[in-house]
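Written out below as structure tokens is the structure these notes cover.
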2 protein chains.
Amino acid sequence: MNTANTANTAKGARARARTEITAAIKEAARGQLAAEGAAKLSLRAVARELGMVSSALYRYFPSRDDLLTALIIDAYDSLGAAAEQAHHAAADATPLERWTAVCEAVRGWALAHPHEYALIYGSPVPGYSAPQTTVPAAARVGLLLIGIVRDAHEQGRLTGHALPAELSREAERMTADLAPDLPPEIVTALVAAWAQLYGLVGFELFGQFNRVVEDREPFFRHAVVRLAHGVGLEP
Amino acid sequence: MNTANTANTAKGARARARTEITAAIKEAARGQLAAEGAAKLSLRAVARELGMVSSALYRYFPSRDDLLTALIIDAYDSLGAAAEQAHHAAADATPLERWTAVCEAVRGWALAHPHEYALIYGSPVPGYSAPQTTVPAAARVGLLLIGIVRDAHEQGRLTGHALPAELSREAERMTADLAPDLPPEIVTALVAAWAQLYGLVGFELFGQFNRVVEDREPFFRHAVVRLAHGVGLEP
DNA sequence: CACAAAAGAGAGCACTGCTCTTGCTTTGGA
DNA sequence: TCCAAAGCAAGAGCAGTGCTCTCTTTTGTG
């Protein structure tokens, strides 16, 4: 997959055609995904759209689930890129403003790509267990949030809340894994806020807010600011 | 001629058989759901398991999606019942304790019925739009949380946070709909916490916490207490 | 009892993911 | 340059799916 970068032109025409066709397949599949959802993504329909026969597709993706996995990775990357771009555009703002910028970028991307969002943050596909390949792409938004909180911490703009004793071990473990330079209570709150952010987005996207929350943008913005407060970010 | 009874068996044998078979179908479908997930729920397999032919199933459910809808309603009810039972068991405790009891019941039910949880809080099925019939069942947990917060409010154990001006209209609309006796800032925070709760549960269930949060029970408990604080519940 | 309504059985349609075999084209090394 | 090897597309075919239609059997009731 991501091995054909530098040697792209050096490789023969065949290899180039391969990456091109692979991209075309993903493109067509993404189209079906956006139109009908993951459940109705049909290899045969993709093949038809590309003017090939269904069995030819198996030269590029060994199974339907592998195609889905490729789309999942792309979706994570697309979401991560959107979040990073929003963060970059707010680079000079306060940590709280950068936090909300990233969160709103996540929401915006989700609303623009509902089926792709459902693919990565909805129910996992049948027997599929997220391959390790998705991890780096999936981590991008989280890393962004960690970075924002780290900056706030360095600026002395953080106030934590005490942790219960039963959680201290796990909090320290998570801290060592994710951000050893931050206090454990902050890291814990950050991880929870990370999950809660996707709760807000998912509820809006999957219709749970129908007839409950109507004017969602200000609601989301406020919820996300309160989320930041919970992590310790001060205005 | 003989026996104009039908008083004790008001519905007749046929109607009873119908409800029995309907229940058996749902039961078998639930089994497949738990074993393989919603995507692999096959009408034919259900029929096979029951010793009927697939076409006979259509006398009970007009389509596969209708079967799924029935399972969705049952799942909402099962989750709602679990939450209500946990709430009832903690009836004499403080609002904060009742809050955590309900939240932990939701998490426990989700862990015990992952595929059913995915059915109701994961990505919606292809073209399906939640029929209005699911609403009352879906609302049970939310009503429970509203009731807890209302009790806390009556006991004077609530402290709200100011809302931004852009949100005041929507906050008042939601308050009028959901809990006119509560302050709008509380209702807003409550709705957000409701969504965030499912973010926490979903991330654990769908594997987003893998290699991130290991000891999840204390993490969840603490997160849920902080959630309650965010709504204004004091210990 | 007779008759209409309800239920089951079976065949069949259009579709799916996937495999296997058969030819054709490109490629890289001798 | 030539040629075997590898890559690729096509087609047929298998087992499975949701769903519809027709036909037969069962069953409750007038």
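All values derive from a computational prediction rather than experimental measurement. Throughout, a chain's letter reflects where its sequence line sits, starting with A, and its residues are numbered from 1.
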Quiz item: Going by modelled atom types, is there a donor-acceptor pair between the base of D:dG18 and the side chain of B:Arg44 at under 3.5 Å?
Solution: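 Under the 3.5 Å cut-off, the side chain and the base do form a donor-acceptor pair.
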Whole Å only: how far is the [atom1] atom of [X] from the [atom2] atom of [N]?
{"X": "B:Glu20", "N": "C:dA6", "atom1": "CD", "atom2": "P", "result": "19 Å"}
{"X": "B:Arg59", "N": "D:dT24", "atom1": "CZ", "atom2": "C1'", "result": "11 Å"}
{"X": "B:Phe61", "N": "C:dA6", "atom1": "CZ", "atom2": "C1'", "result": "17 Å"}
{"X": "B:Met52", "N": "D:dT24", "atom1": "CE", "atom2": "P", "result": "20 Å"}
{"X": "B:Leu67", "N": "D:dC19", "atom1": "CG", "atom2": "P", "result": "10 Å"}
{"X": "B:Arg16", "N": "C:dA7", "atom1": "CZ", "atom2": "P", "result": "14 Å"}
{"X": "B:Leu68", "N": "D:dC19", "atom1": "CG", "atom2": "P", "result": "10 Å"}

Which one, [options], comes nearest to the side chain of [X]?
{"X": "A:Ser42", "options": "C:dT16, D:dA10, D:dC19", "value": "C:dT16"}
{"X": "A:Arg48", "options": "D:dA9, C:dT16, D:dC19", "value": "C:dT16"}
{"X": "A:Ser55", "options": "D:dT20, D:dT22, D:dA10", "value": "D:dA10"}
{"X": "B:Arg64", "options": "D:dA9, D:dG18, C:dT16", "value": "D:dG18"}
{"X": "B:Tyr58", "options": "C:dA7, D:dA9, D:dT20", "value": "D:dT20"}
{"X": "B:Ala45", "options": "D:dT17, C:dA7, C:dC20", "value": "D:dT17"}
{"X": "B:Leu43", "options": "D:dG18, D:dA9, D:dC21", "value": "D:dG18"}

Quiz item: Can you tell me if A:Thr69 and A:Asp66 form a side-chain donor-acceptor pair at under 3.5 Å?
Solution: no
Practice problem: Could you list all the side-chain hydrogen bond (donor to acceptor under 3.5 Å, both in side chains) pairs where at least one residue sits in residues 98-110 of chain A, not counting sequence neighbours? | Solution: A:Ser78-A:Trp109, A:His87-A:Arg98, A:Arg98-A:Asp151, A:Glu104-A:Arg221, A:Arg107-A:Glu204, A:Trp109-A:His113
Exercise. Using the six-membered ring wherever Trp is involved, compare the ring planes of A:Trp194 and B:Phe209 and label them parallel, tilted or perpendicular (cut-offs 30° and 60°).
Key: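 A:Trp194 vs B:Phe209 ring planes: tilted.
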Practice problem: May I ask you to verify if any side-chain N or O of B:Tyr60 is less than 4.0 angstrom from the OP1 or OP2 atom of C:dG8? | Solution: yes
Exercise. Check whether any side-chain nitrogen or oxygen of B:Arg18 sits under 4.0 Å from OP1 or OP2 of C:dA7, and answer yes or no.
Key: yes
Quiz item: Who are the side-chain contact (heavy atoms from CB on, under 4.5 Å) partners of A:Ala101, not counting sequence neighbours?
Solution: A:Ala90
Determine the contact category for [X]: base if any of its heavy atoms lies under 4.0 Å from a base atom, sugar-phosphate if only primed atoms, P, OP1 or OP2 are that close, otherwise nothing.
{"X": "B:Ser63", "value": "sugar-phosphate"}
{"X": "A:Leu41", "value": "sugar-phosphate"}
{"X": "A:Leu57", "value": "nothing"}

Quiz item: Can you tell me if B:Glu170 uses its side chain to pair, donor with acceptor, with the backbone of A:Pro218 under 3.5 Å?
Solution: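 Checking the backbone N and O of A:Pro218 against the side chain of B:Glu170, no donor-acceptor pair under 3.5 Å is found.
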